[in-house]
Number of protein chains: 2
Amino acid sequence: MTGSNIRRSMPLFPIGPVMQLTELSARQIRYYEEHQLISPARSEGNRRLFSLNDIDKLLEIKDLIDQGINMAGIKQLLFVKNQEVIASDGKPQKSERELSNDEIRRHLRKEIVQAGRFNQHAASQGNITRLFH
Amino acid sequence: MTGSNIRRSMPLFPIGPVMQLTELSARQIRYYEEHQLISPARSEGNRRLFSLNDIDKLLEIKDLIDQGINMAGIKQLLFVKNQEVIASDGKPQKSERELSNDEIRRHLRKEIVQAGRFNQHAASQGNITRLFH
DNA sequence: AATGTATGTTAGGTTTTCTAACATGGTATT
DNA sequence: AATACCATGTTAGAAAACCTAACATACATT
C-alpha cells in the first residue's frame with residue numbers, strides 16, 4: 001500500500017458533494033453500494049464517507065451504466081480491473097489489510113507536516129484523483 | 001485562473017472532515033472565518049463547504065497560531081502571501097471573478113470526461129493539495 | 001481589578017443523511 | 001397481454017451534523 005493509495009482511500013466526503021461531483025442521485029449511489037459495487041466507509045454516526053477512490057469508481061460505474069451494462073456485469077468488470085491493477089503493481093498486496101480511519105489520518109498528518117517534497121505520480125490513475133493538484 | 005486553481009477552490013468538504021484533517025475545533029474554524037482569515041462557500045442550506053485551498057489555509061493558520069501570532073497578524077501574513085502568489089503568477093488575475101458552484105462543477109465534469117492526460121504541476125503548492133494524487 | 005483574546009460549552013433550530021417501504025417506467029419472459 | 005424484474009424515484013420518520021447566538025473561561029495585558 002503506497003502513500004498515494006492511502007491518500008486516495010481516505011474517507012472524507014459525505015454523500016452530498018459526491019452526488020454533485022458524480023451527478024448521481026443518492027438513491028443510485030446507495031443502490032450501487034447495496035450491490036457491492038462500492039463500499040464507502042461510515043462515520044461514527046453511520047453517515048457514508050467516500051474516498052477519492054470511491055468517487056472514481058462511481059464515475060466508472062456511471063459510464064458502464066450508460067453502456068447498458070447491469071449490476072452483475074459492472075461488478076465483474078470492476079473486479080477484473082482491480083485484479084489488473086494489482087498484477088501490474090508488482091506486489092500482490094498480501095491481504096490488503098484494512099487501515100482504521102485513525103491510522104489513515106495519522107499518516108495524513110505526518111505527510112502534511114513533512115511538507116515540501118515534490119509530487120510523485122502513478123501514470124494511470126483515474127478521473128477524480130487527477131483533479132487534486 | 002488555471003484549471004488546477006479551479007479544482008483547488010471547489011467547495012467540497014463540510015466542516016466535519018475539515019476538523020479531522022486540520023485537528024481544529026469547529027469553534028476555531030468559525031472564529032477564523034469570523035475574522036476573515038478564510039471564507040468557505042455555503043451550501044444551499046447554509047452549511048459551510050471548504051475547498052482544498054481553505055484547508056491549506058487552515059493548516060497555515062494553525063501553524064501561525066502556534067507561533068503566537070494573533071488574528072490581525074495572520075490576516076496580514078495570509079494577505080501578503082497571496083499577493084506574492086499573484087505576482088509570481090505573471091498575470092495579476094484581473095479581479096479574480098467569482099465562479100459559481102455550478103460553473104466550477106461544469107468545469108470539473110469536463111475535466112473528468114476528458115480523461116487520460118498527464119498531470120501537470122505548479123511547483124509550490126501547499127499542504128493538503130499535495131495529498132491528492 | 002478590568003479588559004481583551006482565543007476558545008469551550010450549551011441551547012434551540014435547521015439541514016442533511018439514514019433506512020425502509022412503496023411507486024413507476026422499461027425490458028424481458030411467459 | 002399479463003407478469004416479473006431491474007434500476008430508479010419518492011416518501012416518511014428518525015438520527016446525525018451543522019448552524020447561530022449567547023454565555024463561560026483561561027490567560028495575557030493594561
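FYI, side chains are in, hydrogens and waters are out, and symmetry mates aren't considered; it's all heavy atoms of this structure. Chain A is the first sequence line, chain B the second, and so forth, proteins listed ahead of strands; every chain is numbered from 1.
- Distance CD1 (B/Ile29) to C1' (D/dC19): 14 Å, rounded to an integer number of Å.
- Contact annotation: B/Arg30 side-chain N/O to D/dC19 OP1/OP2 distance is under 4.0 Å.
- Following rounding to the nearest Å, A/Lys75 (NZ) and D/dC6 (P) show an atom-to-atom distance of 14 Å.
- Taking atom CD of residue B/Glu44 and atom P of nucleotide D/dC19, one finds them 15 Å apart after rounding to whole Å.
- The shortest distance between side-chain heavy atoms of A/Ile15 and A/Arg47 does not fall below 4.5 Å.
- Nearest to the side chain of B/Ile15, among D/dT20, D/dC18, C/dC18, sits D/dC18.
- Proximity of a side-chain donor or acceptor of A/Gln20 to a complementary backbone N or O of A/Pro17 within less than 3.5 Å is not detected.
- Within the 4.5 Å cutoff, the side chain of A/Gln83 has no heavy atoms near those of the A/Leu78 side chain.
- Side-chain contact between B/Asp54 and B/Phe13: absent, with no pair of heavy atoms (C-beta onward) separated by less than 4.5 Å.
- At least one side-chain heavy atom of B/Phe50 sits less than 4.5 Å from a side-chain heavy atom of B/Leu58.
- For B/Glu44, the CD atom is loosely surrounded, since the number of other residues' heavy atoms within 6.0 Å does not exceed 12.
- Atom pair A/Gln20:CD and C/dT16:P shows a separation of 10 Å (rounding to whole Å applied).
- Computed from coordinates, the B/Glu34 CD to D/dA22 C1' distance equals 12 Å when rounded to whole Å.
- In this structure, A/Met19 atom CE and C/dC18 atom C1' are separated by 13 Å, rounded to whole Å.
- Partners of B/Glu33 under the side chain to side chain donor-acceptor pair (under 3.5 Å) rule, at least two apart in sequence or in another chain, are B/Arg42, B/Arg48.
- OP1 or OP2 of D/dA17 lies within a sub-4.0 Å distance of a side-chain N or O belonging to A/Ser43.
- Computed from coordinates, the A/Arg42 CZ to D/dA15 P distance equals 16 Å when rounded to whole Å.
- Rounded to an integer number of Å, the gap from A/Phe13 CZ to C/dT17 C1' is 17 Å.
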* Report, as a single string ordered 5' to 3', how protein heavy atoms within less than 4.0 Å touch nucleotides 5-13 of chain C: B base, S sugar-phosphate only, - not at all. => SBBBB---B
